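Here the structure comes first, spelled out in structure tokens, and everything after it is commentary.
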There are 2 protein chains.
Amino acid sequence: MLSIGKLSGATGVKVPTIRYYEQIGLLPRAGRSTGNQRLYDRPAVERLAFIRHARELGFSLEDIRELLALADDPEKPCAAADLIAGRQLAAVNARLRRLEALRDELQRMLAQCTSGRIADCRVIEVLGNHALCAHDHAEAAGA
Amino acid sequence: MLSIGKLSGATGVKVPTIRYYEQIGLLPRAGRSTGNQRLYDRPAVERLAFIRHARELGFSLEDIRELLALADDPEKPCAAADLIAGRQLAAVNARLRRLEALRDELQRMLAQCTSGRIADCRVIEVLGNHALCAHDHAEAAGA
DNA sequence: CCCATATCTATAGTCGATACAGGTTTAGAC
DNA sequence: GTCTAAACCTGTATCGACTATAGATATGGG
């Protein structure tokens, strides 16, 4: 049985984050030592590693809640998991496209700046006037 | 002079967001009508459009605070604005690289899934075992 | 047995908004 | 001039996903 600190070390998830996951019901309530400290077994490590990996892939905690429910029921068809992953892929692709537009815009801004006075600064000017943009990058900043 | 609703319409920034910006000091306190409603002039529209555009380009509100201070002082050298924009470009490029790794991983997960039962689902399996990943995508999810 | 480290709970703060409740002002139709 | 619906006001709470803090308790190595 592992302490919360060892679990943290084994999974790379910070201690307060593990407690937070338990609090919101993403992890089951951990068993306790005589001194009321949390104790974890092997399956707990795997469950948390699954969560961490899914977070790295950009899944929301709600998505992960669904995925965990699916993973716990191996007889179900996996179309639902597919759907969640597909949704995630679409979101990632959308973010990619918008970020590419942003990158182009920022590069253009910087390339034009002659590093003179603010009055001549293209960075400030472009920010003040969307019409100077080469792209439509609305709502590109999110997530 | 424009009401807050007209300002919102003119800039695409939602009414509560405008009040929020005023609250955190990003916008100066607006003048008021006899009935205590906020009134805005032309320069206010430009300032808010500047903020909106910078937000779209992914600048944080703190970055924008700096950029506004620079924009208000046209005699200053623009190296500082350059620096902020360069920082932003680096952050965008980092996000892009990580998102590309994510996209590849999600595509791989989905391509391998035969849409059978959960027990055979590659999506679930890959999420449970980072070793199956082709890429290192740690911390790719953020922002 | 001691003490540094780890753990416990509860609460507040982060960022960038957004939502809501309950009240007031304004603008347009009649 | 009056009515009413829409827009506006303030203040507070909520969102997601944590992170930080304070003050108390438990554990483990020397």
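Proteins get letters first, then strands, A, B, ... in listed order; numbering begins at 1 in each. Given the structure is predicted, the values throughout are model-derived calculations rather than measurements.
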To the nearest angstrom, the CD1-C1' distance between A:Ile18 and D:dT19 comes to 14 Å

Requested in this report: Output yes when B:Arg103 and B:Glu100 qualify as a salt bridge under the 4.0 Å nitrogen-oxygen rule, no when they do not.
Outcome: no

Which part of the nucleic acid, if any, lies within reach of B:Ile4 when heavy atoms closer than 4.0 Å are counted: base, sugar-phosphate only, or nothing?
sugar-phosphate

inquiry  = Categorize A:Arg19 for me: base, sugar-phosphate, or nothing, with a 4.0 angstrom heavy-atom threshold over every strand shown.
reply    = base

Between CG of B:Leu2 and P of D:dA7 the distance, given in whole Å, is 16 Å

Note: for B:Lys6 and B:Gln23 on DNA chain D, the residue whose nearest nucleotide lies more 5' is B:Lys6

### Query
Reckon A:Arg32 has a side-chain N or O less than 4.0 Å from the OP1 or OP2 of D:dT27?
no

Verify same cluster id: B:Leu48, B:Leu39 (apolar side-chain graph, 4.5 Å):
no

To the nearest angstrom, the CE-P distance between B:Met1 and C:dA27 comes to 14 Å

Is the distance from OP1 or OP2 of C:dT26 to the nearest side-chain N or O of B:Ser3 less than 4.0 Å? no

Ranking D:dA26, C:dG16, D:dC9 by distance to the side chain of B:Asn36, first place goes to D:dC9

* Asked: For A:Thr17 and D:dA17, is the shortest distance between a side-chain N/O and OP1 or OP2 below 4.0 Å?
  -> no

Scanning both residues in full, the closest heavy-atom pair of B:Pro28 with B:Glu22 reads O-CG, 4.0 Å

Tightest non-hydrogen contact, residues A:Ser8 and A:Val13, listed as OG-O, 2.7 Å

Is any side-chain N or O of B:Ser33 closer than 4.0 Å to OP1 or OP2 of C:dT26? yes

Between CD of A:Glu22 and C1' of D:dA17 the distance, given in whole Å, is 17 Å

B:Glu62 atom CD is separated from C:dT14 atom P, nearest whole Å, by 11 Å

Closer than 4.0 Å, any side-chain N/O of B:Tyr21 to the OP1 or OP2 of C:dG16? no

Just to confirm, is there a sub-4.0 Å distance from OP1 or OP2 of C:dA17 to any side-chain nitrogen or oxygen of B:Arg52? no

Subject >> Side-chain N,O (B:Lys14) to OP1/OP2 (C:dA17) below 4.0 Å >> reply: no

Atom CD1 of A:Ile64 and atom P of D:dG16 are separated, to the nearest Å, by 13 Å

Q) Looking only at side-chain N and O atoms, does B:Tyr20 come under 4.0 Å of OP1 or OP2 in C:dC15? A) no

Here the distance between atom P of C:dG16 and atom CD of B:Glu56, to the nearest Å, is 15 Å

Separation of C:dT9 atom P from A:Arg29 atom CZ, nearest Å, is 11 Å

By nearest-heavy-atom nucleotide on DNA chain D, the more 5' of A:Leu61 and A:Thr34 is A:Leu61

If you measure from the Lys or Arg side-chain nitrogens to the Asp or Glu carboxylate oxygens, is any gap between B:Asp63 and B:Arg55 under 4.0 Å?
no

Is there a side-chain contact between B:Arg38 and the phosphate of D:dT10, meaning an N or O under 4.0 Å from OP1 or OP2?
yes

Check your understanding: Under 4.0 Å between a Lys/Arg side-chain N and an Asp/Glu carboxylate O for A:Asp72 and A:Arg47?
Key -> yes

